[in-house]
Amino acid sequence: MRHFSRISHIPPLSQFINPVLNSAIPVPEKLTDLKYYLQTYGCAMNENDSQIVSSILHSAGLKSTDTSDKADLVLINTCSIREKAEQKVKQRLHELLKQNKRAKIAVLGCMAERLKSSLLEEKLAHIVVGPDSYRALPKLVEAVMCDGKKNAIDVQLSLEETYADITPVRNNEISAFISIMRGCNNMCSFCVVPFTRGRERSRPMASILEEVKLLHSKGIKEITLLGQNVNSYCDTTSDSVNSHENTPGFSELFKSRPSGARFAQLLANVAEEAPNSRIRFTSPHPKDFPQEVLDVMKAYPNLCKQVHLPLQSGSDRILYSMRRYHTQQAYLDLAERIRNELPGVALSTDVIAGFCGETEEDHQETLKVLRTVRFEQAYMFAYSMRSKTHAFNAMQDDVKEDVKKGRLAEIIEVVKEIQKEINQKEIGKTVKVMVDGPALKGNWDWTGRTEQNKRTFGKGSWKLGQDIEARVVSASSQTLFTEEL
Ligand code: SF4
């Protein structure tokens with residue numbers, strides 16, 4: 001096995017607290033009387049960002065409340081990935097403006113970054129804050145809520161902001177997210193993320209390990225490392241001079257890569273720092289799985305054998321126009337290598353139906369990959385064109401809606417059928433489940449997830465965070481049902 005250098009001395013968290021931060025978060029007495037309500041849409045990254053926002057607001061003296069009716073300030077952390085996601089948020093904003101006329105509304109996250117001042121012009125918000133400007137929130141809130149300003153906006157993207165020094169406010173006693181990097185340089189032609197989240201930057205490894213250590217000492221059972229392109233992680237502040245290495249057969253648009261401590265090294269260090277916790281990571285790009293990452297995943301039993309491998313399309317032609325610089329064969333080779341190297345691994349994926357120029361033959365290539373790799377889980381969507389993207393500027397959204405929907409239905413059917421077959425094979429086997437709460441359906445007592453992240457139900461006494469071994473007695477395409485051993 002290759003050698004993964006370990007950081008032996010980890011300085012305390014206080015060392016990472018930027019003194020500028022504390023002075024940058026004013027605690028005006030005016031703010032201490034205010035109550036805020038924060039609602040989150042979208043991905044795990046947004047959930048973690050909301051925890052960072054809560055931490056910043058608490059430092060500025062605001063108190064949280066559990067309903068929007070009681071709040072003086074309502075913050076909505078938003079997602080822009082698809083048109084539908086934005087429509088949902090806009091509907092919610094209209095509702096809030098009607099329900100609580102007294103409150104000021106702040107829109108945060110990707111929609112704030114994408115729509116900027118148009119949210120103010122449309123009178124959908126009083127405050128608009130992009131994902132790299134959360135430190136400015138108290139100042140902006142004060143301007144609007146205390147100093148009589150009509151509205152306030154900060155949507156400046158940053159090349160450095162990682163919020164490394166802010167400890168998120170977490171409510172979950174057993175699972176935690178840790179952001180390790182932000183932004184994306186890949187510019188996939190369908191994706192708005194590089195425009196809403198900015199350039200890729202990684203958090204210093206020492207600050208991540210300090211947070212992991214803290215969570216582990218509190219008994220957190222599951223840690224998920226987060227990033228828009230999580231396995232592209234590169235800590236340029238470390239002494240490490242590892243250069244960037246792509247997955248064999250994969251290349252990328254962004255060529256000039258700095259050297260630094262890379263994802264494999266971070267994974268190994270996190271696994272050692274939290275030996276009793278399950279470690280997961282999301283969302284990776286298939287281009288960043290050099291052998292070293294698989295070696296580390298093999299070496300540490302607490303690194304969950306679960307890999308997300310976004311496919312998007314199975315057609316070489318469409319992959320190229322999506323700016324995913326690999327072939328179907330390179331993808332299949334990677335999936336096979338992962339299955340061989342990590343026995344029992346669960347693979348999940350993302351698929352887009354009906355991207356610009358997709359023909360029936362291209363669609364059949366996607367189905368072919370789905371049938372070959374046999375994913376345990378998939379997130380499947382019909383293509384939705386987003387402004388600012390390369391596709392928006394240079395391509396035609398020329399696949400008719402009913403064709404997109406038909407192809408999506410076919411993709412879902414193939415995936416579901418395979419998932420059902422995979423889960424049926426689990427019947428009679430013993431699985432280890434981490435219980436994450438009471439079962440809220442049927443006659444089951446508890447629910448939890450396996451190492452492969454499969455939703456599982458069981459009977460008998462349980463405790464939150466307990467590891468239970470149980471025998472699978474039946475299964476659907478999404479769920480395992482067990483009996484006590
Ligand atoms: S890798 Fe591609 S799909 Fe993923 S966030 Fe970056 S641009 Fe979007």
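Indexing begins at 1, ligand by ligand and atom by atom, following the structure's order.
Residues Arg407 and Tyr383 are not in side-chain contact: their nearest non-hydrogen atoms beyond the backbone lie 4.5 Å or more apart. Within the 4.5 Å cutoff, the side chain of Gln377 has no heavy atoms near those of the Asn453 side chain.
Minimum heavy-atom separation, Cys184 to Gln228: CB-CB, 4.4 Å. His308 approaches Pro284 most closely through the heavy-atom pair O-CG, 3.0 Å.
Atoms of ligand 1 lying under 4.0 Å from any heavy atom of Phe190, numbered from 1 in the order shown and given with element: 3 (S). Per-residue contacts place His285 under 4.0 angstrom from the following atoms of ligand 1 (heavy atoms of the residue considered): 1 (S). Counting atoms of ligand 1 from 1 in the listed order, those under 4.0 Å from a heavy atom of Pro194 are 7 (S).
Of the heavy atoms in Arg324, only side-chain atoms (C-beta onward) come closer than 4.0 Å to ligand 1. Contacts between Arg197 and ligand 1, counted as non-hydrogen atom pairs separated by less than 4.0 Å, are absent for every part of the residue. Counting heavy atoms closer than 4.0 Å to ligand 1, residue Cys184 contributes side-chain atoms (C-beta onward) but none from N, CA, C or O. Contact annotation: for Pro310 versus ligand 1, there are no heavy atoms closer than 4.0 Å.
Screening Leu38, Thr78, Ile127 against Leu108 for a side chain to side chain contact (heavy atoms under 4.5 Å, CB included) leaves a single residue, Leu38. Test Arg135, Gln51, Arg203 against Tyr163 for side chain to side chain contact (heavy atoms under 4.5 Å, CB included) and you get one pass: Arg135.
Nearest to atom 1 (S) of ligand 1 among the protein's heavy atoms is Asn186 ND2, 3.2 Å. Nearest protein neighbour of atom 7 (S) of ligand 1, counting heavy atoms only, is Cys188 N, 3.4 Å.
Not a single N/O/S atom of Cys191, whether from backbone or side chain, sits less than 2.8 Å from atom 2 (Fe) of ligand 1.
The number of heavy-atom neighbours closer than 6.0 Å to CD of Glu341, taken from other residues, nucleotides and ligands shown, is above 12.
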